[in-house]
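For reference, the structure discussed in these notes is given below.
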Amino acid sequence: MHTDGRPELPKTYEPSEVEPRRYAESLARGVFHEDPDPARPAFIISMPPPNITGRAHLGHGSTYTPMDILTRYHRMLGENADWLPGQDHAAIATETVLVRELAKEGLTRNSLGREAYLERAWQWRDQYGDTIDSQFQMLGFGPDWDRKRFTMDPPLSAAVIRVFVRLYREGLIYRGTRLVNWDIKAQSTLSDAEVEYEERNAKIWEIRYETEDASGSIVVATTRPETMLGDTAIAVHPSDARYSSLIGKNVILPLVNRSIPVIADASVLSDFGTGAVKVTPGHDPSDYEIGQRHNLPMPSVIALDGTMSGDVGRYEGMDRLDARKAIVEDLRSSGALVSEKDYLQKVSISSRSGEVIEPLLSLQWFCKMESLAKPAVEAYRKGKIRFVPERFGRTYENGFENLRDWNISRQIWWGHQLPVWYTPNDEVVVAESEDEALAIAERDFKTRELRRDPDTLDTWFSSGLWPFSILGWPDETAEMAHWYPNQVMITGRDIIFLWIARMVMLGLHFADDIPFRTVFVAPLVFDKHGRKMSKSLGNSIDPLDLIKEYGADATRFGIIKQMRLESQELRFDERACDDARRFNTKLWNALRFICSLEEGLPTASRLPKNDELTVADKWILTRLRETVIKITEAFDRFEFGTAADELLDFGWFTFCDWYLEASKAPGERATRASVLSYVFNAFVRLMHPIAPFITEEIWQQLPHDGATIVTASWPDPLQDLAYYDGAGGSFEAARTDFEAFIVSAGTIRNVKAEMGMGPKDRLTLDVPPGLPDWVAEQFAVHAKAELVVDAARVAGPTLAEKLATITAQAPTGLLRERYTREIAKLQSEVERGEKKLANESFIAKAALDVVEKEREKLAGYGRDLARVRDELAKLG
RNA sequence: GGGCGCGUAGCUCAGGGGGAGAGCGCUACAUUGACACUGUAGAGGUCAUAGGUUCGAAACCUAUCGUGCCCACCA
């Protein structure tokens, strides 16, 4: 092998050796870091901050890889491109982990005390919190690590406090007793958005309530009989004739013998169940609203720990589920139980702990949504924010309907403590600091005795500020000036409302603009059979395992290749990663071949003059130009899967299988190495955003400009590839010829095979006269059999006709068989075309060019058919 | 109850008003100027079903079936 003074390249590409080395090199070069540069267009993506408890999973592949791709791509375009990383303190998720850790040592939150607990929490964060970052680095992600932010960094915490105080002073944050979602396991409230629904097999019971005057009764259905202890009414629809006589009367609550009224409320559905509903305002969201409308008492009967409490008689202290059983039995023996049936119930579940949510009344802090929501919806409707795919805009919009005020206080310690203090008289002081709180307390309430609210803020409160808090807001930084709004935000569809909407609302309110222009909604990842990936199903895939098996480049490529714009799920098939690995091997070997050319590689990446280009050169350059345009468009449109398809198609089939093979032809090839390395150099730049490592490794071996492919320029089809337009028309012809050749060459090989010619059979035929030199060369190289018998399938006129004149030394039986088969095929094509053209309405109504195309097709098939018949006749 | 996605080759999926495509798998053959394999070819499909629009539908419309997801206060 000719090495031209270079070290010989290893035979196999070794990702595990290359990837860490190249990543470290990129870090050392500082290529991921940018400062705001108003002279260049900004391209900024804020990384959705992973939880500090997080581990990389395949979902990160589908959402984070596109961010890395886009940042790398826009950097190569010369833009002021930066990807801003960070981490989320993940309030409840982290607290859950911490409490579990403490329990192992026999400790609890309370036994430790707040201060010591938080110290432990920070220790844990410092020790384990960066795991996901190192995993991201293994995946080749190149965010601007120098700008990494954490939601609880002092400046970001200050932003959180600033926002809270401002919203409070604007009257948008208030404290009040409302029905909230209580997570018994996490011992905290949750926002509506953190509640999920699950269908479960349950029971539904019907209970009879007798009227006070013993004149009648009413039957209600319930899935939660224990809540009857908190009933304060029975509601029926106002126009329900069955119950009109009962409205206004009182009924007796069984077991506790309390008297409650029958009321009329339009929210009750007459056609569901018995048409009468028990009203428990203290423990059910819809009942709560009825209670408010009718000024009903709202007793609480379930405590924060899930046990029965309050005016609940003998059920006091029982867990709510035990109480349910006891109450059903008591109702049964008292005769009040009418029925018990199986029922498929939609249960509300905590997305944090998986525990069944208990709605209950609690004094909490809330954020009013209405005035924040309005501009956020408007920004979308006016087209200031664009969703890709578009339909997710409706998901966003729909989220704003039926929006209740946002419960923002959490009863946990890990997070941003509310900047709220109370005086001994329970007067509320909200301030940015303790000093300010004291001053206010002294001024307004004549006291310096304050206790701080122990609660912390919902984790989404701080992540809602993310796109501007990481840019230094509320300070007027250069970053805010040039990098806000961001260009793109990428997430999964599951948090469009939970997170995207909050960033838009808070961004508009505090940073005076939308936080980002485009939201790309990446598909969620499922296994290849469409099931959710989960440990219990045993079908979850760890991206680190994929990296071990295929390398990070192939892992990324494999994931990306399966992304389709309109699809909302990605059924992950590992075979795609294996394909990508083989692709990398192929490219690596193409490099080895190019580096081994006897003429050596040129010193600079330049193309020869047009008149020095061969037909094959011109062909590959036109194909390269098309590929540049296609991939550029694909990235601009978030069509990552298409980009991967195009890369594979060009890199493997066009470049390796045909161009590189053709370049093996003997003869004068002075410009060969220049074109090969030039095209390959441009190609690896196109592929770099998806596969950063191998492309760097290859690029470094080829003639190139600059220090690293990471900052190399994106191929420009108008400038770098301008040869195309200046070639006086010869390029198109070259292309047609070469493509015809491709079809023929394949056929040659196959026919030779069918003739039973072994490797040692070297039939030498004269190269037919009249062929262009380059085609003649190809015969020698490719066919080796130098036998061309079947050009009939080639529709192109120039080459095909010439090939068809070549006669073969082949067993006539085989040829006859093949020709006959070919004739049958062509005949059916001809018949189809004739039938079509004989159709008067087709001629009359179809577009002119369609008809013309059909005529040409028919003519072509007719010619081919005649030719093959002719050949067949010659065989006698 | 509303909304959305998806049903195309054995598998995973592209495509998209006018000749059914890719990769993997399978079969045949070839294979020392790169390729722990590669290449060329072949077999394999009533494009879920039923209607409709159209000169023409796998594609557009409607309905149905299957499947997955999101939203909603049906106790």
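Residue numbers start from 1 in every chain, and the chains themselves are labelled A, B, ... in the order their sequence lines are given, proteins ahead of strands.
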Applying salt bridge (Lys or Arg N to Asp or Glu O under 4.0 Å), run through A:Arg200 and A:Glu198 and close with a yes or a no.
CA-CA 6 Å; A:Arg200 289 189 180 176; A:Glu198 205 177 288; 3.1 Å; yes
Between A:Thr274 and A:Leu524, name the one whose nearest nucleotide on RNA chain B is closer to the 5' end.
A:Leu524
Between B:A58 and B:C24, how far is it from one C1' atom to the other, in whole Å?
23 Å
Between A:Phe680 and A:Phe683, how do the two ring planes meet: parallel, tilted or perpendicular, split at 30° and 60°?
parallel
Considering every strand shown, what is the Watson-Crick or G-U wobble mate of B:A58 when both distances are under 3.5 Å?
none
Phosphate OP1/OP2 of B:C13 contacted by A:Arg564 side-chain N/O (<4.0 Å)
no
Using the C1' atom on both, measure B:C29 against B:C61 and round to a whole Å.
49 Å
By the 4.0 Å heavy-atom rule, please label A:Arg575 as base, sugar-phosphate, or nothing.
base
Who does B:A22 pair with, Watson-Crick or G-U, both distances under 3.5 Å?
B:U12
Taking the six-membered ring for Trp, are A:Phe387 and A:Tyr396 parallel (under 30°), tilted (30 to 60°) or perpendicular (over 60°)?
tilted
Given that both distances must come in under 3.5 Å, which nucleotide forms a Watson-Crick or G-U wobble pair with B:G33?
none
Does A:Asn589 reach a base, just sugar-phosphate, or nothing at all? Heavy atoms under 4.0 Å.
base
Rounding to the closest angstrom, what is the interatomic distance between B:G7 and B:A14 at atom C1'?
15 Å
Under 4.0 Å between a side-chain nitrogen and a carboxylate oxygen: does that hold for A:Glu569 and A:Arg571?
yes
Hey, does A:Tyr396 reach any base, or is it just sugar-phosphate, or nothing, if we go heavy atoms under 4.0 Å?
nothing
With the side chain defined as heavy atoms from C-beta on, A:Gln562 is closest, among B:A75, B:C24, B:U12, to B:U12
Which nucleotide in B:G23, B:C55, B:A75 has an atom nearest any side-chain atom of A:Thr223
B:A75
Within the structure shown, what part of the strands sits under 4.0 Å from A:Lys346 by heavy-atom distance: base, sugar-phosphate, or nothing?
base
For the side chain of A:Ala846, starting at C-beta, report the closest nucleotide among B:G33, B:C55, B:G5.
B:C55
Candidates B:G33, B:G18, B:C35 - which lies nearest the side chain of A:Thr585
B:C35
Side chain of A:Thr12, base of B:A36: donor and acceptor closer than 3.5 Å?
yes
Across the strands shown, which category fits A:Asn398 at heavy-atom distances under 4.0 angstrom: base, sugar-phosphate, nothing?
nothing
Salt bridge (Lys or Arg N to Asp or Glu O under 4.0 Å) between A:Asp645 and A:Arg564: does it pass, once the steps are laid out?
CA-CA 11 Å; A:Asp645 287 347; A:Arg564 295 298 153 176; 2.9 Å; yes
Less than 4.0 angstrom between a side-chain N/O of A:Trp652 and OP1 or OP2 of B:G39, yes or no?
yes
Respond yes when some side-chain nitrogen or oxygen of A:Arg581 is under 4.0 Å from OP1 or OP2 of B:C37, and no when none is.
yes
A:Ser841 has a side chain; which of B:C55, B:U40, B:A34 sits nearest to it?
B:C55
Using the C1' atom on both, measure B:C55 against B:G17 and round to a whole Å.
12 Å
Any side-chain N or O of A:Arg493 under 4.0 Å from OP1/OP2 of B:G5?
no
Using the P atom in both, what is the distance from B:A22 to B:G44, to the nearest Å?
14 Å
Where does the angle between the aromatic ring planes of A:Phe400 and A:Phe497 fall among parallel (under 30°), tilted (30 to 60°) and perpendicular (over 60°)?
perpendicular
Donor-acceptor pair present, A:Arg394 side chain and B:G2 base, under 3.5 Å:
no
Base, sugar-phosphate, or nothing: which does A:Thr222 touch, judged by heavy atoms less than 4.0 Å apart?
sugar-phosphate
Compare the minimum distances between each of B:G23, B:G39, B:C4 and the side chain of A:Asp657, then state the nucleotide with the smallest one.
B:G39
If pairing means Watson-Crick or G-U wobble with both distances under 3.5 Å, then the partner of B:U40 is B:A28
Tell me, please, whether A:Tyr343 has A:Lys203 positioned over its six-membered ring: NZ or CZ under 6.0 Å from the ring centre and within 45 degrees of its axis?
no
Quote, to the nearest angstrom, the C1' distance that separates B:C6 from B:C74.
29 Å
Hey, does A:Glu401 reach any base, or is it just sugar-phosphate, or nothing, if we go heavy atoms under 4.0 Å?
nothing
OP1 or OP2 of B:C13 under 4.0 Å from side-chain N/O of A:Lys561
no
Identify, between A:Phe392 and A:Glu829, the residue whose nearest nucleotide on RNA chain B lies closer to the 5' end.
A:Phe392
Minimum heavy-atom separation for A:Ala576 to A:Gln562, with atom names?
CB-NE2, 3.4 Å
Rounding to an integer number of angstrom, what distance separates B:G42 and B:A34 when you compare their C1' atoms?
28 Å
Interatomic distance at C1', B:G23 relative to B:G39, whole Å:
16 Å
A:Glu840 CD to B:U54 P, in whole Å, measures 19 Å
Ranking B:G33, B:G18, B:A75 by distance to the side chain of A:Leu269, first place goes to B:A75
Below 4.0 Å: OP1/OP2 of B:A75 and any side-chain N or O of A:Tyr343
yes
Closest to the A:Phe653 side chain: B:C74, B:G23, B:C55?
B:G23
When all nucleic acid strands are considered with a 4.0 Å heavy-atom cut-off, which category describes A:Leu660: base, sugar-phosphate, or nothing?
base
Whom does B:G5 pair with, Watson-Crick or G-U wobble, provided both distances fall under 3.5 Å?
B:U67
